[in-house]
Amino acid sequence: MPTFQAPRGMRDLLPAEAAGFDRLNAVVAARGERYGYPRLVTPVVEDRNVFLKSAGATSDAAGQEMYDVTLHGQGGLALRPEGTAAVTRAYLEHGLHRAPQPQRFFYWEPMFRGQRPQLMRWRQFWQWGLEHFGSTEPSADVEIIEFTNGLFAELGLTAFELQLNTIGDTPCRAKVKETLTAYFASHRDALSELSRERLSTNVLRVLDSKDPRDREVVAGAPRLSTLLCDADRAHFAEVTESLERLGVRFRVVETLVRGLDYYTRTVCEFVLTDPEFTKAGDIAVAAGGRYDSLVETLGGPSAPGVGIAGGVDVLYYALKQQGVTMPDAPEADVYVLSGEPNDGADRTQLATPLREAGFRVAIDHTRRSLDKQLESAVKHGARVAVIRGTEESRGGKVIVRDLIKKEQRVTRLAAVVVEVGRHVPKRVRPRLIDEPGAAGETPFLEGPTPPERH
RNA sequence: GCGGCGUUAGCCUAGUGGCAAGGCCCUGGAUUGUGGAUCCAGUUAGACGAGUUCGAUCCUCGUACGCCGCCCCA
């Protein structure tokens with residue numbers, strides 16, 4: 001039994017899973033680039049006030065759930081629980097509000113929340129996200145929603161529903177809250193304890209309570225849509241009309257409010273509808289909305305913003321649940337092995353030109369029998385074995401054996417790269433500097449590997 | 001963070017207050033140095049700690065981790 005375990009709510013991504021995550025990352029990031037959202041990286045640790053101020057002190061996400069960090073006895077830091085506030089902090093810190101607007105960012109980072117873990121809900125989890133600063137237009141809201149909808153279509157995720165609502169802008173919401181508070185206060189006795197508390201802290205949250213007693217009271221509450229200002233209604237109408245025109249399916253859920261206080265107007269959630277997930281209640285695979293006062297809240301000028309974030313872990317499992325196959329982590333296409341015991345350097349010299357050429361080459365660095373080495377090559381998923389140190393492969397020759405066709409040829413060393421190339425594809429070698437005219441392609445779902453360009 | 005249930009080898013599963021069983025995987029050997037088959041052999045286990053008991057993997061308590069519900073949320 002291992003003495004150590006990963007901390008509660010944290011886990012290892014073994015190569016098969018890590019490969020799937022990498023593919024998801026590649027797809028989402030590439031889509032981000034296509035939409036003009038370059039990647040921004042922020043630290044894992046932030047001043048905890050960044051989140052306290054932005055999310056609202058009464059929000060659990062910012063309070064009890066925060067993963068505090070102490071260094072040399074000094075606190076005040078926390079592992080980031082979400083991306084938007086951190087990105088906004090960076091946006092301000094680097095004066096990007098003075099850069100040409102709008103500013104758009106993509107991120108893909110681990111997030112941390114100090115909640116008790118459950119299936120697909122870890123203390124460390126991954127999120128991709130988009131933030132779009134500097135536009136109050138409904139079409140900016142539509143863009144991030146359409147992005148996400150298109151992303152899921154691209155990935156093959158079908159079992160989800162887009163839920164939309166508007167919770168009004170800050171000045172207007174004061175009146176809304178007033179009306180709702182008055183209504184719920186008059187039904188105070190019928191409410192759950194938690195909701196009674198929220199009467200004074202965050203009335204809107206009463207609307208999405210799961211408690212059946214609350215739901216009954218909520219059913220008779222004044223509709224949010226009738227309480228909002230004309231400007232809010234107009235904004236939301238344009239969002240929904242645009243989405244309809246773009247063919248994005250959605251459902252307006254008037255009780256949808258978000259847990260974080262910084263949202264204004266549009267809020268959205270992409271909720272999984274697969275029965276495997278709905279038994280535990282709604283699980284969101286992405287969620288976001290507009291935050292027109294967040295920049296100001298964090299000490300900046302008045303600047304509007306809108307964003308969305310998605311859970312990578314949830315997305316990964318939802319895709320698997322739907323039977324979307326992501327490629328396993330192939331260890332090697334080519335296995336170099338030898339019948340001679342002490343020729344490690346020779347094996348490496350044999351592998352090097354193959355690796356330079358772009359093949360995935362693993363070397364058997366054991367001294368077991370050729371028998372076992374060959375067996376091992378198969379078990380590690382190699383298509384081709386390159387064998388040295390046998391009768392036939394002396395004098396600058398090696399055997400190139402196709403492990404599936406069970407055919408082999410004795411080849412001169414100089415011709416090994418060409419011979420191996422007859423059996424397995426080369427992988428795309430990443431380059432530090434773009435080659436002129438070369439468009440990189442990153443395959444996602446299983447399919448042929450694009451041939452290397454010349 | 002609160003409550004409930006769980007934890008037997010790398011994985012899956014059996015069983016018991018008195019030597020812990022099997023399958024898969026892994027390692028080695030053989031079929032007289034070219035592989036996935038077959039045969040043979042081998043390594044490895046009751047999460048951790050304390051208590052009750054002549055004796056605990058089994059009963060009790062605590063801790064760790066997981067799952068379910070709550071809270072919350074990706």
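In the text below, chain A, chain B and the rest are named by the order of the sequence lines, each starting its count at 1. Scope of the values below: all heavy atoms of this structure, side chains included, with no hydrogens, waters or symmetry mates.
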Item to check | Atom pair distance, as rounded to whole Å: CE in A:M120 and P in B:G69 | outcome: 11 Å

Item to check | Within 6.0 angstrom of A:E216 CD, more than 12 heavy atoms from elsewhere | outcome: no

Checklist entry - Around A:R223, counting heavy atoms of other residues, nucleotides and ligands shown, do more than 12 lie under 6.0 Å from its CZ? => result no

Item to check | Stacking check A:W126 vs B:A74 (5.5 Å / 30 deg) | outcome: no

Item to check | Check ion pair A:R39-A:E109 (N to O, under 4.0 angstrom) | outcome: yes

Item to check | Aromatic ring proximity, centroids under 6.0 angstrom, A:F105 and A:Y37 | outcome: no

Item to check | Of A:Q124 and A:L119, the one whose closest RNA chain B nucleotide lies more 5' | outcome: A:L119

Checklist entry - Which glycosidic conformation, syn or anti, is assigned to B:G46 if syn requires a torsion within 90° of zero? => result syn

Checklist entry - Is A:R104 paired with A:E131 through a side-chain N to carboxylate O contact shorter than 4.0 Å? => result no

Item to check | Residues forming a ring pair (Phe, Tyr, Trp, His ring centres under 6.0 Å) with A:H365, sequence neighbours excluded | outcome: none

Item to check | B:U16: pairing nucleotide in any strand, Watson-Crick or G-U under 3.5 angstrom | outcome: none

Checklist entry - In the strands shown, is B:C11 matched to any nucleotide by a Watson-Crick or G-U wobble pair with both distances under 3.5 Å, and which? => result B:G23

Item to check | Watson-Crick or G-U wobble partner of B:U53, both distances under 3.5 Å | outcome: none

Checklist entry - Roughly, in whole Å, what's the span from CD in A:Q127 to C1' in B:A74? => result 5 Å

Next on the checklist: Rounded to whole Å, please give me the gap between CG in A:D12 and C1' in B:G66.
Outcome noted: 15 Å

Next on the checklist: Measure CG/A:D364 against P/B:U27 and give the value in whole Å, please.
Outcome noted: 11 Å

Checklist entry - Taking atom CZ of A:R412 as the centre, does the number of heavy atoms from other residues, nucleotides or ligands within less than 6.0 Å exceed 12? => result no

Next on the checklist: What's the gap between B:U60 and B:U53 when it is taken at their C1' atoms, as a whole Å value?
Outcome noted: 12 Å

Item to check | From B:C68, B:C65, B:G28, nucleotide with atom closest to A:Q118 side chain | outcome: B:C68

Next on the checklist: Rounding to an integer number of Å, can you tell me how far A:L272 CG sits from B:C73 C1'?
Outcome noted: 13 Å

Checklist entry - What nucleotide among B:C70, B:C65, B:C73 has an atom nearest to a side-chain atom of A:Q5? => result B:C65

Checklist entry - More than 12 heavy atoms of other residues, nucleotides or ligands under 6.0 Å from CZ of A:R249: is that the case? => result no

Next on the checklist: Is it the case that atom NZ in A:K397 sees more than 12 heavy atoms from other parts of the structure closer than 6.0 Å?
Outcome noted: no

Checklist entry - In the structure shown, which nucleotide is the Watson-Crick or G-U wobble counterpart of B:C71, with both distances under 3.5 Å? => result none

Next on the checklist: Is there a side-chain contact between A:R205 and the phosphate of B:C73, meaning an N or O under 4.0 Å from OP1 or OP2?
Outcome noted: yes

Listed pairs, N/O of protein and of nucleotides 30-37 of chain B, under 3.5 Å:
unit_1, atom_1, unit_2, atom_2, d
B:G33, N2, A:G339, O, 3.0
B:U34, O2, A:R401, NE, 3.1
B:U34, O2, A:R401, NH1, 3.4
B:U34, O2, A:Q408, OE1, 3.2
B:U34, N3, A:Q408, OE1, 2.9
B:U34, N3, A:Q408, NE2, 3.4
B:U34, O4, A:E392, OE2, 3.2
B:U34, O4, A:Q408, NE2, 3.2
B:G35, N7, A:R401, NH2, 3.3
B:G35, O6, A:R401, NE, 3.4
B:G35, O6, A:R401, NH2, 2.8
B:G35, N1, A:L403, O, 2.5
B:G35, N2, A:L403, O, 3.0
B:G36, O6, A:L403, O, 3.0

Checklist entry - How far does the P atom of B:C25 sit from the matching atom of B:G66, given to the nearest Å? => result 30 Å

Item to check | Whichever of A:G9 and A:F270 has its nearest RNA chain B nucleotide further upstream toward 5' | outcome: A:G9

Checklist outcome for this item: Using Watson-Crick geometry (N1-N3 plus N6-O4 or O6-N4) or G-U wobble (N1-O2, O6-N3), each under 3.5 Å, B:A30 is paired with B:U38

Item to check | Pair assignment for B:U44, Watson-Crick or G-U wobble, requiring both distances under 3.5 Å | outcome: none

Checklist entry - Mind checking the C1' distance from B:A21 to B:U32? Whole angstroms is fine. => result 37 Å

Item to check | Gap in Å between the two C1' atoms, one belonging to B:U8 and one to B:G4, rounded | outcome: 23 Å

Checklist entry - So what's B:G66 paired with, Watson-Crick or G-U wobble, going by both distances under 3.5 Å? => result B:C5

Checklist entry - Is A:E419 salt-bridged to A:R401, cutoff N-O under 4.0 Å? => result no

Next on the checklist: Looking at B:C58, which nucleotide sits across from it as a Watson-Crick or G-U wobble partner, both distances under 3.5 angstrom, or is there none?
Outcome noted: none

Next on the checklist: Anti or syn, where syn is a glycosidic angle within 90° of 0; which label fits B:C40?
Outcome noted: anti

Next on the checklist: If I pick the C1' atom on B:C58 and the same atom on B:G17, what distance separates them, to the nearest angstrom?
Outcome noted: 7 Å

Checklist entry - Is A:R80 salt-bridged to A:D47, going by a charged N under 4.0 Å from an acidic O? => result no

Next on the checklist: Measuring only the P atom in each nucleotide, how far is B:C54 from B:A45? A whole number of Å is fine.
Outcome noted: 29 Å

Checklist entry - Taking the same atom, C1', in B:G28 and in B:C65, what whole-Å distance lies between them? => result 35 Å

Checklist entry - Taking CZ from A:R8 and P from B:U63, how many angstroms apart are they, rounded to a whole number? => result 11 Å

Checklist entry - Rounding to a whole Å, what distance do you find between A:E193:CD and B:C70:C1'? => result 13 Å

I'd like a list of close polar pairs between nucleotides 2-6 of chain B and the protein, N/O only, cut-off under 3.5 Å.
unit_1, atom_1, unit_2, atom_2, d
B:C2, N4, A:R116, NE, 3.3
B:G3, O6, A:R116, NH1, 3.4

Checklist entry - C1' atom, B:C19 versus B:G1: distance in rounded Å? => result 45 Å

Next on the checklist: Just to be sure I understand the rule, does A:A309 reach a base, reach only the sugar-phosphate, or reach nothing, if contact means heavy atoms closer than 4.0 Å?
Outcome noted: nothing

Checklist entry - Shortest non-hydrogen contact from A:D208 to A:T255? => result CB-O, 3.4 Å

Item to check | Atom-pair distance (CD1 on A:I283; C1' on B:C68), nearest Å | outcome: 12 Å

